[in-house]
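A short worksheet on the structure shown next.
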Protein chains: 2
Amino acid sequence: MTIPVSATWGCDSMARTLADRQDVIPVLAEVFRDHGFEGASLSAITARTGLGKGSLYNFFPGGKAEMAKVVLAHIDSWFRTHVFEPLDRTEGGLTAVEAMFQATDAYFRSGQRVCVVGVFALGDARDLFTEQVHGYFAAWVQALAGALVRAGRDPDRARADAEEVVAGIQGALVLSRALNDTGVFTRTLARLRRIASGD
Amino acid sequence: MTIPVSATWGCDSMARTLADRQDVIPVLAEVFRDHGFEGASLSAITARTGLGKGSLYNFFPGGKAEMAKVVLAHIDSWFRTHVFEPLDRTEGGLTAVEAMFQATDAYFRSGQRVCVVGVFALGDARDLFTEQVHGYFAAWVQALAGALVRAGRDPDRARADAEEVVAGIQGALVLSRALNDTGVFTRTLARLRRIASGD
DNA sequence: ACGGAGCTGTACCAATTGGTCAACGACGTA
DNA sequence: TACGTCGTTGACCAATTGGTACAGCTCCGT
């Protein structure tokens with residue numbers, strides 16, 4: 001009945017548990033992305049990850065809530081290193097801003113992939129993960145606004161522009177998914193680029 | 001135990017069921033708004049509406065799916081009469097556009113209320129109500145783009161602007177809810193107004 | 001070779017899910 | 001006053017939910 005682990009795995013062992021927990025996180029992210037927090041049932045999670053409940057609760061003793069927290073932390077970390085910190089490091093130019101748009105377009109697959117944090121923000125999950133949901137968007141707006149200020153924009157205007165860009169990205173995700181048209185996302189991103197570069 | 005219907009209602013009878021079914025729809029909309037489609041459990045619905053499951057299934061034999069369809073139709077109808085049609089009727093000016101922004105701000109309570117269609121669009125429910133989700137946003141973009149064209153804007157530009165405004169509204173809902181700050185919604189709406197009026 | 005540590009699948013749990021249905025009782029008519 | 005109609009209720013259903021417990025397994029250090 002049961003297949004020996006080594007038969008399907010066959011590598012050295014120490015890395016096993018650590019590697020697996022790490023490897024599972026992106027899969028969990030996809031499940032939460034597709035179904036939201038409430039909709040991500042344990043059966044869906046076990047099916048997509050290929051892990052039994054035992055393993056899942058071994059990795060994440062806190063159950064679904066901990067899985068979601070880890071996923072949010074993983075996303076936050078990705079955006080911090082690939083988007084927020086490059087923006088923070090930028091001096092005068094707008095190349096980091098353009099890099100942000102490219103990273104965003106790639107990450108969300110031109111609107112075919114939805115934002116987990118955005119999905120959480122719209123539902124009940126917001127109140128379970130207030131901190132992380134708030135932190136993600138606040139960090140994004142702040143990083144972008146800072147970069148715009150350093151590019152010479154008026155601080156109030158920079159903050160307003162940053163809010164509009166971040167909101168615009170989220171809205172483009174909603175709209176392109178609703179209309180099932182990646183063109184909407186691409187076009188909206190193009191217009192947001194213009195806003196970011198100061199019209 | 002049971003209170004006679006006439007004691008709480010006291011009107012003529014023929015209208016009763018019809019009136020009730022109509023009255024329930026906004027309550028259903030609130031439940032779907034708060035919890036999404038999957039999250040709107042029948043127990044939550046019975047609690048908020050005060051109706052037993054029997055009455056619910058008497059009004060909506062199709063169950064949750066029919067309730068959601070009716071809610072979507074109700075929302076669509078509201079937007080058609082209060083937003084889309086005024087936009088369609090407008091001739092040259094932008095007063096209907098400004099009216100749209102005011103109606104939108106009031107409807108979404110400056111971002112404290114979320115868009116049911118947007119919530120559905122991001123989740124599994126999109127594929128259950130493809131038609132209605134698509135129709136709502138397509139109609140909005142089209143009505144707004146038409147008004148902008150009639151106000152003298154280049155058709156391609158008008159469509160891009162309309163997409164950006166509608167997406168921006170949805171994004172502002174996400175962002176203001178995530179940051180728990182209605183100011184974000186108000187500010188973003190102000191900037192979208194500028195886009196709509198041609199910078 | 002042995003033993004312990006820890007990963008894994010799975011049976012099981014109470015609670016809840018969406019949905020059904022038969023009995024109840026309020027109503028208008030006669 | 002009696003009756004038939006019909007909306008309503010809440011118990012009940014199988015299925016599924018998130019979560020627990022545990023026995024069995026593989027693996028590693030000794």
Side-chain angles (χ1 to χ4, degrees), chain A residues 1-24 27-28 31-32 35-71 123-125 128-129, chain B residues 1-24 27-28 31-32 35-71 123-125 128-129:
Chain A
M1 175 81 76
T2 59
I3 300 166
V5 172
S6 54
T8 60
W9 186 53
C11 279
D12 71 337
S13 61
M14 204 54 219
R16 210 241 156 147
T17 67
L18 291 171
D20 259 9
R21 201 189 122 110
Q22 284 305 313
D23 293 348
V24 165
V27 183
L28 289 176
V31 181
F32 284 122
H35 305 299
F37 179 67
E38 342 267 352
S41 66
L42 283 190
S43 63
I45 293 173
T46 58
R48 287 276 281 269
T49 59
L51 265 53
K53 287 202 226 178
S55 307
L56 248 15
Y57 274 82
N58 186 36
F59 290 145
F60 312 99
K64 260 178 74 173
E66 184 175 346
M67 298 181 210
K69 269 204 159 66
V70 170
V71 164
D124 292 320
L128 283 170
F129 309 102
Chain B
M1 174 79 79
T2 58
I3 300 166
V5 172
S6 54
T8 59
W9 187 55
C11 280
D12 68 340
S13 60
M14 204 53 222
R16 197 215 165 175
T17 66
L18 290 171
D20 258 12
R21 199 188 124 109
Q22 283 305 311
D23 294 346
V24 166
V27 183
L28 290 176
V31 181
F32 284 121
H35 305 298
F37 180 67
E38 343 266 352
S41 67
L42 283 189
S43 63
I45 294 173
T46 58
R48 288 277 280 271
T49 58
L51 264 55
K53 289 201 228 176
S55 306
L56 247 14
Y57 274 81
N58 185 35
F59 290 145
F60 312 100
K64 261 178 72 173
E66 184 174 347
M67 298 180 210
K69 270 206 158 64
V70 170
V71 164
D124 293 320
L128 283 170
F129 309 104

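All values below come from the heavy atoms of this structure, side chains included, with hydrogens, waters and symmetry mates left out. By convention in this document, chain letters (A, B, ...) are assigned in the order of the sequence lines, proteins followed by strands, and residues within each chain are numbered from 1.
Counting any heavy atom pair closer than 4.0 Å across all strands shown, Gly52(B) reaches sugar-phosphate atoms only and no base atom. Backbone-only contact: Gly63(A) has heavy atoms under 4.0 Å from sugar-phosphate atoms and none from a base.
Pairs of residues two or more places apart, or lying in two chains, that qualify as salt bridge (charged side-chain N to carboxylate O under 4.0 Å, His left out) and include a residue from residues 39-49 of chain A are Asp34(A)-Arg48(A).
Following rounding to the nearest Å, Arg21(B) (CZ) and dT8(D) (P) show an atom-to-atom distance of 13 Å. Rounded to whole angstrom, the span from the CG atom of Asp23(B) across to the P atom of dG7(D) amounts to 16 Å. The CE-P distance, from Met67(A) to dT17(D), rounds to 13 Å in whole Å. The interatomic distance linking Phe60(B) (CZ) with dT8(D) (P) rounds to 11 Å, in whole Å. Note: CG (Leu56(A)) to P (dT10(C)) measures 14 Å, nearest angstrom. Phe59(A) has its CZ atom 13 Å from the C1' atom of dG9(C), to the nearest Å. Here the P atom of nucleotide dA22(C) and the OH atom of Tyr57(B) are 17 Å apart, to the nearest Å. Taking atom CD on Glu66(A) and atom C1' on dG18(D), their separation rounds to 14 Å, with Å as the unit.
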Item to check | Met67(B) vs Leu56(B), side-chain contact (heavy atoms from CB on, under 4.5 Å): CA-CA, chis, key distance, verdict | outcome: CA-CA 9 Å; Met67(B) 298 180 210; Leu56(B) 247 14; 3.9 Å; yes
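Relative to the side chain of Asn58(A), the nucleotides dG18(D), dT8(D), dC7(C) differ in distance, and dC7(C) lies closest.
In the region residues 40-48 of chain A, proximity to DNA chain D at under 4.0 angstrom, judged on heavy atoms, holds for Ala40(A), Ser41(A), Leu42(A), Ser43(A).
For Lys69(B) (side chain) and Gly62(B) (main-chain N/O), no donor-acceptor pair under 3.5 Å exists by modelled atom type. With hydrogens and angles ignored, the 3.5 Å screen pairs no side-chain donor or acceptor of Ser55(B) with any backbone N or O of Leu51(B).
For the pair Phe60(B) and Arg21(B), the minimum side-chain heavy-atom distance is below 4.5 Å.
The ring pair (Phe, Tyr, Trp, His ring centres under 6.0 Å) check on Phe129(A) picks up Phe37(A), Phe120(A), with sequence neighbours excluded.
Note that CG of Asp124(A) is 5.0 Å distant from CD of Glu38(A), once rounded to the nearest 0.5 Å.
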